[in-house]
Novice: 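Dropping a structure here in structure tokens format, bear with me for questions.
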2 protein chains.
Amino acid sequence: MAASTLSEVARLAGVSLATASRVLNGSSRKPAEDIADRVRQAADKLGYVPNAQAQALAKSSSGLIGLIVHDIADPYFSAIARGVQGAAREQNRMVLLASTSGSPAEEREAVAAFAARRADSIVIAGSRSARDEDALANAGLAAELDRYCRNGGHVGVVGHPVVGASTTEGYRVVEVPNEELAADLARELADSHDAGFVVVAGPEGLFTSDDRVRGFQRGLAEAGRPAAEVIRTGFNRAGGYDAGLALAERITSAKDRLCIFAVNDVMAIGVTAALRSKGVWIPRDATIAGFDDIETLRDFRPALSTVFLPLEEIGRLAAGATEGGSVTGSVKLRRSTEVPAGDPA
Amino acid sequence: MAASTLSEVARLAGVSLATASRVLNGSSRKPAEDIADRVRQAADKLGYVPNAQAQALAKSSSGLIGLIVHDIADPYFSAIARGVQGAAREQNRMVLLASTSGSPAEEREAVAAFAARRADSIVIAGSRSARDEDALANAGLAAELDRYCRNGGHVGVVGHPVVGASTTEGYRVVEVPNEELAADLARELADSHDAGFVVVAGPEGLFTSDDRVRGFQRGLAEAGRPAAEVIRTGFNRAGGYDAGLALAERITSAKDRLCIFAVNDVMAIGVTAALRSKGVWIPRDATIAGFDDIETLRDFRPALSTVFLPLEEIGRLAAGATEGGSVTGSVKLRRSTEVPAGDPA
DNA sequence: CTGTTAGCGCATTCAC
DNA sequence: GTGAATGCGCTAACAG
């Protein structure tokens, strides 16, 4: 990566390095217009591209913002990524991407890598987990983040404070009211459903999943309904599919009418696909709701009831677009939870 | 972003800077084990994180790979991004992300920014355009890329060579057989359809779109069919929706049976949604096929006929995961193009 | 095997 | 207003 340097430009323009620097990169001191032109022309002629690394080193600020997601191809994360990217652009920064599959150990590595690159801030989009097996890695992650903050870094977390963080200094948490919204959803569903409820959740310990489950149960309780059974599975489409297969059997054999709450849209789609493969139709034989209101999934039929979350905005906030810290969502009841008329729902 | 430096570590460990460098960052020369331990302990105690900027400056290789997409939230791009990210991880690099909305001017800026950061390579995922209005910006983009390559950079392009590149040095093009695959699709559809064909395409000049249109027409011709009418619209869901509204009218009034080819899946979904809103059902009243085989859309019903493209692999290749340069796809006929039995298709 | 030295490309005090 | 000098944090030739 050899390119022409500032001193080459300076020499060609017949000025000093300092002067060239002043005209090419904004400085408070303003060189004369004629000399400035000479420098600009020289730069142009040499195809000068300032070395951001060197600049960063000299003024110790990299203009980088690190983003950590579980999987960039997951529409939930890519929507957040869009928001982060937008905020970065406004701040004249670039975003550094890391996908970690949700493993705290890999997240820790990513944080270290971002810190090494002296990222101005780091956004952690993925849900953290409190599983025992992750305890050690989580501690490592927290330590790495704390150190990063202590060195002046800013971190934006979506959803939950980082487990084990020893300080709040430098942290910005974008609170997502998962629990409240899930409770809202439960209450609204309770209004129209006499059926039993089942929750298809992610692995225990995943905060996002746990919050939504807790909220849903609370909502049911507030509506005077018994708690829903909870099925634990993978926090993705495949997990939903597996759960769907299990549920299909129950629905067809026991002819129970069930209202299913999958803790995210992608899982809900998986459940639906599995049910359909077994001849169980939504909303004829069972109803289902998801969470997130993923844009790409809105044309799905039957239209999926869900909870809208302003994902892009969440990304913007986590990236520090504005100081505000919390967002809100709203229940979207659609076709997938419409109990057929005249049915003993 | 103040953090402890190598020299602080060296001092605390009572060794020289060079020695500290050798033990902490891989070097061919190996210091003694006891001294190495001292250094590592000192580093650990100080929470030393190497400054990647400084390292990059010193050995002029940044370990960065730049990725340019139109919109990271578009599943097509996020799938490619996953591949790039994977390749980057294997190469021990990090990916820098830029979204440009497809504007060549913004792409040029992104390339400049990547060049400034001395990215080891740049991947351009978005389709380039040959519209007259973009000519100037395209020239600028080509110039920027050429310069980048001349300075030793590598660029990976998916689909098409960059318009106006003056050299092939440093370029790696991942050829996507859009035209051939679209022709395959057309031939297969011609087998089962007596109906007329309509193509819902992106704006003229967009290479990806144009190739698919051309291929489709060629396939029809080879099957002895008249050329399809082409509707130009936005290369996204909204564009598809608009086209769908127009088509709905024609389908319901003229009761023509139509087989629609939308040049990508997202557009196909838009078309389908519009048709549905007007009471036109797929595949009962019309049939439709897309392109890309987007993963998130596979559970869509009626299942969308499309052309599978190994997007993640494309990303890997463009990022230089391996030297191979071309990929292949395959036609996936599914429910959306199944002509109802006994119907005069 | 270890320490010294000289840059990498640039921003920024200082003198002039 | 402009130029010379210093340092950002680190790697890589060199000496020792």
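All values derive from a computational prediction rather than experimental measurement. To find a chain, count down the sequence lines: A is the first, B the second, and so on, and within it residues start at 1.
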Novice: Please give, in whole Å, the distance from dC10(D) C1' to Q53(B) CD?
Specialist: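 Answer to the nearest Å: 12 Å.
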Novice: What's the closest nucleotide to the side chain of Y48(B) if the choices are dT11(D), dT2(C), dC10(D)?
Specialist: dC10(D)
Novice: Near D132(B) CG, under 6.0 Å, is it more than 12 heavy atoms from other residues, nucleotides or ligands?
Specialist: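 Atom CG in D132(B) is not packed in, count stays at 12 or less.
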Novice: May I ask you to decide if S99(B)'s main-chain N or O and R89(A)'s side chain share a donor-acceptor pair within less than 3.5 Å?
Specialist: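 Yes; judged by distance alone, with no hydrogens or angles, the pair exists.
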Novice: Taking the side chain of L17(A) as its heavy atoms from C-beta onward, which of dT2(C), dT11(D), dC10(C) lies nearest to it?
Specialist: dC10(C)
Novice: Of the listed nucleotides (dT2(C), dT12(C), dG9(C)), which one gets closest to any side-chain atom of S21(A)?
Specialist: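 Closest nucleotide to the S21(A) side chain: dT12(C).
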Novice: Between L6(A) (CG) and dA4(D) (C1'), how many Å, whole number?
Specialist: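 Between C1' of dA4(D) and CG of L6(A): 15 Å.
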Novice: Hey, which of these two, L57(B) or A18(B), hits DNA chain C nearer its 5' end, going by closest nucleotide?
Specialist: A18(B)
Novice: Let's see if you can work this out: which of dT11(D), dC8(D), dT2(D) has an atom nearest to the side-chain heavy atoms of T19(A)?
Specialist: dT2(D)
Novice: Examine dT11(D): is either OP1 or OP2 under 4.0 Å from a nitrogen or oxygen in the side chain of Q55(B)? Give yes or no.
Specialist: yes
Novice: Ignoring hydrogens and angles, are the base of dG9(C) and the side chain of R118(B) linked by a donor-acceptor pair under 3.5 Å?
Specialist: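 There is none.
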Novice: Measure the spacing between CG of L67(A) and CZ of F77(A) and express it to the nearest 0.5 Å.
Specialist: 9.5 Å
Novice: Counting side-chain heavy atoms from CB outward, which of dT4(C), dT11(D), dC10(D) is closest to K59(B)?
Specialist: dT11(D)
Novice: Between P on dG9(D) and CG on N151(A), what's the gap in Å once rounded to a whole number?
Specialist: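 Checked: the CG to P distance equals 11 Å.
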Novice: Rounded to whole angstrom units, what separation is found between the CG atom of D34(B) and the P atom of dT2(C)?
Specialist: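 Spelled out: CG on D34(B) to P on dT2(C) is 7 Å.
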Novice: Which listed nucleotide (dC10(C), dG3(C), dG3(D)) is nearest to the side chain of S16(A)?
Specialist: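 In terms of side-chain proximity for S16(A), the closest of dC10(C), dG3(C), dG3(D) is dG3(D).
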Novice: Please report, rounded to the nearest Å, how far the P atom of dA12(D) is from the CG atom of L24(B).
Specialist: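 Checked: the CG to P distance equals 14 Å.
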Novice: Over how many whole Å does the gap from R38(A) atom CZ to dG1(D) atom P extend?
Specialist: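 Those two atoms, CZ and P, are 17 Å apart.
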Novice: Taking E8(A) first and then R11(A), would you say they form a salt bridge - that is, a charged N and a carboxylate O separated by under 4.0 Å?
Specialist: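 So E8(A) does not pair with R11(A) through a salt bridge.
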Novice: Let's see if you can work this out: which of dT2(C), dG9(D), dG9(C) has an atom nearest to the side-chain heavy atoms of A58(B)?
Specialist: dG9(D)
Novice: Please report, rounded to the nearest Å, how far the P atom of dC1(C) is from the CD atom of E33(B).
Specialist: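 Distance, rounded to whole Å: 12 Å.
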Novice: Would you mind reading off the distance between D37(B) atom CG and dT2(C) atom C1', rounded to a whole angstrom?
Specialist: 17 Å
Novice: Measure from the side-chain N and O atoms of S62(B) to the backbone N and O of R118(B), and report whether any donor-acceptor pair falls under 3.5 Å.
Specialist: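 Such a contact is found between S62(B) side chain and R118(B) backbone.
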